[in-house]
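Source: prediction; values computed, not measured.
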There are 2 protein chains.
Amino acid sequence: MSEIARVLVMKLSNGVEWGLHCCVSISQSDGPVSAARLAELHGVPPSYLAKHLQALSRAGIVRSTPGPVGGYAFTRPAAEVSVLQVVQAVDGPEPAFRCTEIRRRGPLALSPERCEKPCAVSRAMATAETAWREALAGISVADLAGRIDQDSSGTAMRDLRSWLAGAP
Amino acid sequence: MSEIARVLVMKLSNGVEWGLHCCVSISQSDGPVSAARLAELHGVPPSYLAKHLQALSRAGIVRSTPGPVGGYAFTRPAAEVSVLQVVQAVDGPEPAFRCTEIRRRGPLALSPERCEKPCAVSRAMATAETAWREALAGISVADLAGRIDQDSSGTAMRDLRSWLAGAP
DNA sequence: GCAATCTCGGATATTCCTTGTCCTGGTTAT
DNA sequence: ATAACCAGGACAAGGAATATCCGAGATTGC
């Protein structure tokens with residue numbers, strides 16, 4: 001058995017992927033899109049997808065309308081919704097690296113007043129996460145839709161729009 | 001109950017923090033440092049810390065020597081060990097975002113030959129992770145040690161070295 | 001106005017991973 | 001030879017992510 005470290009690196013819930021694809025889909029619809037319909041489109045469990053859509057709703061990215069013709073729709077143009085906002089809405093705003101304040105333990109523990117400033121390790125990790133966040137903040141849902149359309153030579157968004165319009 | 005999304009964001013195992021602090025400690029010692037000693041210094045469970053140190057050893061960052069005066073020591077200068085290498089050694093090299101190829105499912109599923117290129121969502125997340133990785137690659141363990149020393153006005157590394165030297 | 005129907009929303013189980021411990025075997029210095 | 005250390009795996013416990021269900025509320029059509 002020559003397997004190397006199998007432990008997983010920092011992990012992102014699959015809800016992030018679902019949420020982003022759903023945002024792209026919603027951006028192509030005129031009216032609201034229901035959770036059941038989005039689940040069918042992407043082939044994912046409806047009840048679970050609903051949970052992530054609710055998170056988007058709580059974050060104010062989409063607005064939900066009840067009733068027979070209800071569903072989810074954007075509150076603002078897709079060009080003004082960044083990927084970061086969607087990711088943080090679904091997975092929460094907490095950083096990946098959580099400092100345990102290891103320097104305050106053990107025989108060489110630092111006094112509390114010496115720990116006002118975060119430690120160098122924590123700062124290094126925070127810097128990297130800021131770079132990650134800025135990269136995601138620079139991409140909008142509209143950008144994603146445009147790129148997907150380019151990848152498919154213009155057919156993807158057309159097919160998507162027609163599917164969303166038909167078969168209510 | 002007016003609580004907002006409490007779900008956790010992408011998560012990094014606490015072994016990352018331990019591994020980085022241990023690397024800083026090892027860098028300040030002349031001889032090898034044993035796992036039990038590192039655990040005592042940082043106030044963490046020895047058996048569990050040993051697991052992460054073994055990961056560092058497998059990755060070739062440190063070299064372990066058995067025997068009464070054994071322990072862990074760097075294989076190369078601390079200035080040539082990046083934070084990224086430590087993080088990936090402990091937590092694995094896999095990306096945080098795992099594309100499920102959602103576009104190949106549902107009624108508008110794309111054909112396999114149209115999925116050779118990763119989808120736009122996956123590319124966006126990969127770009128952000130690259131930025132994260134580059135930020136971590138630009139910081140070395142020696143840098144960390146230097147910054148910790150600055151934070152403590154020069155006492156931290158001195159105290160650390162003397163603790164490592166004494167009380168074998 | 002009223003009922004039916006469809007929607008969201010939160011509370012609830014289940015599975016999996018992370019955390020943590022322990023034990024056996026192998027290697028080195030005294 | 002003995003003692004001290006590392007390496008790796010088996011194993012248990014806790015918690016988070018996954019997945020599902022049922023109730024509350026709103027809109028449509030009559």
### Task
Flag the pair A:R103 and A:E101 as a salt bridge only when some basic side-chain nitrogen lies within less than 4.0 angstrom of an acidic carboxylate oxygen.
yes
### Message
Given A:L20, which partner from the list A:V90, A:I139, A:L144 fulfils the side-chain contact (heavy atoms from CB on, under 4.5 Å) test?
### Response
A:L144
Got a list of side-chain donor-acceptor pairs under 3.5 Å for residues 78-87 of chain A, not counting sequence neighbours?
{"residue": "A:S82", "atom": "OG", "partner": "A:L84", "partner atom": "N", "Å": "3.4"}
{"residue": "A:S82", "atom": "OG", "partner": "A:Q85", "partner atom": "N", "Å": "3.1"}
{"residue": "A:Q85", "atom": "OE1", "partner": "A:R76", "partner atom": "NH2", "Å": "3.1"}
{"residue": "A:Q85", "atom": "OE1", "partner": "A:S82", "partner atom": "N", "Å": "3.0"}

### Query
Using 4.0 Å as the upper bound for N to carboxylate O, is an ion pair formed by B:D151 and A:R123?
yes
### Query
Which part of the nucleic acid does A:A35 contact within heavy-atom distance under 4.0 Å: base, sugar-phosphate only, or nothing?
sugar-phosphate
### Query
Only one of A:L38, A:L41, A:L53 forms a side-chain contact (heavy atoms from CB on, under 4.5 Å) with A:V33, so which one is it?
A:L38
### Task
Tell me what A:S47 touches on the nucleic acid: a base, only sugar-phosphate, or nothing, going by heavy atoms under 4.0 Å.
base
### Task
To the nearest 0.5 angstrom, please state how far the OG atom of A:S13 sits from the NZ atom of A:K51.
12.0 Å
### Message
Please classify the nucleic acid contact of A:S57 as base, sugar-phosphate, or nothing, using heavy-atom distances under 4.0 Å.
### Response
sugar-phosphate
### Query
If you fit an axis to the five pairs at each end of the helix from C:dG1-D:dC30 to C:dT30-D:dA1, how big is the angle between those two axes, to 10 degrees?
20°
### Query
To the nearest 0.5 Å, how far apart are CG in B:L160 and OG in B:S29?
8.5 Å
### Task
Report, as a single string ordered 5' to 3', how protein heavy atoms within less than 4.0 Å touch nucleotides 22-30 of chain D: B base, S sugar-phosphate only, - not at all.
----SB---
